[in-house]
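Notes to accompany the following structure.
Every chain is numbered from 1 and lettered A, B, ... according to where its sequence line falls, protein lines coming before strand lines.
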Amino acid sequence: MKPKYFVVSQTLECGQCFNFNKISDENYVVTAYGKLLHIYNEGEDVVFENTTVQDFENIWVKYFDLDKDYMDIVSKLRDKDEIIKEAIDYASGIRIINQEFFQCLISFIISQNNRIPRIKKIVNNLSRRYGEYIGTIEGEEYFSFPLASKLYGITAEELMESSTGFRGKYIVDAVNKYVEGYFEEDKFQQMTAFEIREKLMETKGIGPKVADCVILFSLGKRDAFPTDVWVKRVMSYFYFNQQDTGIKEIHDFAYKTFGERAGYAQQYLFNYARNFKIK
DNA sequence: ATCCAGGCCCGAT
DNA sequence: ATCGGGCATGGA
């Protein structure tokens with residue numbers, strides 16, 4: 001396929017997901033929904049290999065947000081101001097990935113006070129230990145992210161053998177709540193981002209930022225605006241005259257300025273800030 | 001070696 | 001309600 005506004009590397013490497021492996025430039029292996037995908041560029045085409053037409057239509061179109069009109073999203077955001085315009089133009093091939101709720105929940109619990117390569121490492125450790133083998137591509141074995149039922153009953157001490165660190169106990173709480181039906185996923189679509197946030201934050205180890213990531217990256221609510229250190233920096237720097245600004249003020253500004261597209265804006269800004277190491 | 005990472009918990013004000 | 005120390009781990 002030949003989609004606009006889709007660069008594989010930008011979409012995968014912008015810090016929103018951790019279950020992929022880079023083979024070479026614009027050549028990646030992705031695992032999601034228990035499936036394996038080899039995805040790479042060939043000229044202007046994006047090739048989906050190692051998959052079926054059914055999986056492409058049922059899984060990957062939704063996963064890579066290919067049913068959304070990014071031409072429209074990008075043009076409306078670019079018109080807001082020069083800052084978001086520059087952030088978008090820096091990496092306009094980013095798309096928001098629609099991840100599985102459980103995997104996203106655990107991944108972003110792991111993300112706290114951590115670095116992206118290590119988050120990937122820990123997600124991979126858990127998959128190798130508790131997930132299923134789903135195939136080999138170019139000599140590398142791949143494993144699906146573990147089912148919640150597979151993690152149920154695993155102690156924090158054992159999870160720490162996969163380098164989760166102090167987050168082991170948080171994962172235990174999240175797994176227990178998930179398996180026991182506490183989250184009621186089927187009700188999320190009728191709830192606002194704010195309501196879901198309150199619900200998610202009742203789990204130990206899930207605060208506002210982790211909750212917003214789960215809401216944006218797995219529940220399709222594009223008005224969520226996860227504000228980590230980088231987003232705080234880039235917003236303070238460009239929109240608040242380089243003055244260190246509180247999360248609440250940044251949130252209010254973001255919702256007012258970017259509205260229903262705040263989540264997309266956040267991802268362009270995060271990527272921009274991180275790549276330019278804005279202090 | 002010391003610092004810090006897509007934060008959050010918890011106890012002290 | 002807000003603030004600061006502590007937290008597992010490992011790479012710079």
Discussion item. Could you tell me how far dA8(C) sits from dG11(B) if I compare only their P atoms? Round to whole Å.
Written reply: 15 Å
Practice prompt. Provide, to the nearest angstrom, the distance between the CZ atom belonging to R274(A) and the P atom belonging to dC4(B).
Written response: 18 Å
Practice prompt. Using whole Å, report how far NZ of K120(A) lies from P of dA5(B).
Written response: 20 Å
Item to complete: Would you check if F188(A) and V214(A) make a side-chain contact, meaning some heavy-atom pair closer than 4.5 Å?
Response: no
Item to complete: Would you mind classifying the nucleic acid contact of C14(A) as base, sugar-phosphate or nothing, using non-hydrogen atoms under 4.0 angstrom?
Response: base
Item to complete: Step through it carefully: locate the ring centre of Y272(A), locate the ring centre of Y268(A), and say whether they are under 6.0 Å apart.
Response: no
Worksheet item: Taking NZ from K169(A) and P from dG6(C), how many angstroms apart are they, rounded to a whole number?
Response: 15 Å
Worksheet item: Which part of the nucleic acid, if any, lies within contact of E161(A), taking any heavy atom under 4.0 Å across all strands shown: a base, the sugar-phosphate backbone alone, or nothing?
Response: nothing
Discussion item. Please report the distance, rounded to the nearest Å, between CD in Q16(A) and C1' in dG6(B).
Written reply: 12 Å
Item to complete: For nucleotides dT2(B) and dG6(C), find the distance between their P atoms and express it as a whole number of Å.
Response: 15 Å
Fill in: Interatomic distance where CZ belongs to F166(A) and P belongs to dC9(B) [whole Å]
10 Å
Item to complete: Report which part of the nucleic acid G15(A) touches: base, sugar-phosphate, or nothing (heavy-atom distance under 4.0 Å, all strands).
Response: base
Item to complete: Only one of K22(A), H38(A), E42(A) passes side chain to side chain donor-acceptor pair (under 3.5 Å) with N27(A); say which it is.
Response: H38(A)
Worksheet item: Roughly how many Å is it from CD1 in I171(A) to C1' in dA8(C), rounded to a whole number?
Response: 12 Å
Worksheet item: Side chains of Y178(A) and E185(A): does their closest heavy-atom pair fall under 4.5 Å?
Response: yes
Worksheet item: T164(A) side chain N/O closer than 4.0 Å to the phosphate oxygens (OP1, OP2) of dA8(C)?
Response: no
Discussion item. Among dT9(C), dG6(B), dA5(B), which nucleotide has an atom closest to any side-chain atom of M160(A)?
Written reply: dT9(C)
Response to the item:
To the nearest angstrom, the CG-P distance between N114(A) and dA8(C) comes to 13 Å
Practice prompt. Compare the ring of F270(A) with the six-membered ring in the base of dG6(B) and state whether they stack (centres under 5.5 Å, planes under 30°).
Written response: yes
Practice prompt. For Y70(A) and D65(A), test the side chains for any donor-to-acceptor distance below 3.5 angstrom and give the result as yes or no.
Written response: yes
Practice prompt. Take R115(A) and Y170(A), find for each the nucleotide of DNA chain B with the closest heavy atom, and name the residue whose nucleotide sits nearer the 5' end.
Written response: R115(A)
Worksheet item: For dA12(C), does either OP1 or OP2 sit under 4.0 Å from a side-chain N or O belonging to R118(A)?
Response: no
Discussion item. Roughly how many Å apart are dG5(C) and dC4(B), using the P atom of each and rounding to a whole number?
Written reply: 13 Å
Discussion item. Rounding to an integer number of Å, can you tell me how far Q112(A) CD sits from dC4(B) C1'?
Written reply: 15 Å
Practice prompt. Would you indicate which nucleotide in dC7(C), dG6(B), dC8(B) comes nearest to any side-chain atom of P208(A)?
Written response: dC8(B)
Item to complete: Assign each of F18(A) and K204(A) to its nearest nucleotide of DNA chain B by heavy atoms, then name whichever residue's nucleotide is nearer the 5' end.
Response: F18(A)
Worksheet item: Can you tell me if Q16(A) uses its side chain to pair, donor with acceptor, with the backbone of I97(A) under 3.5 Å?
Response: yes
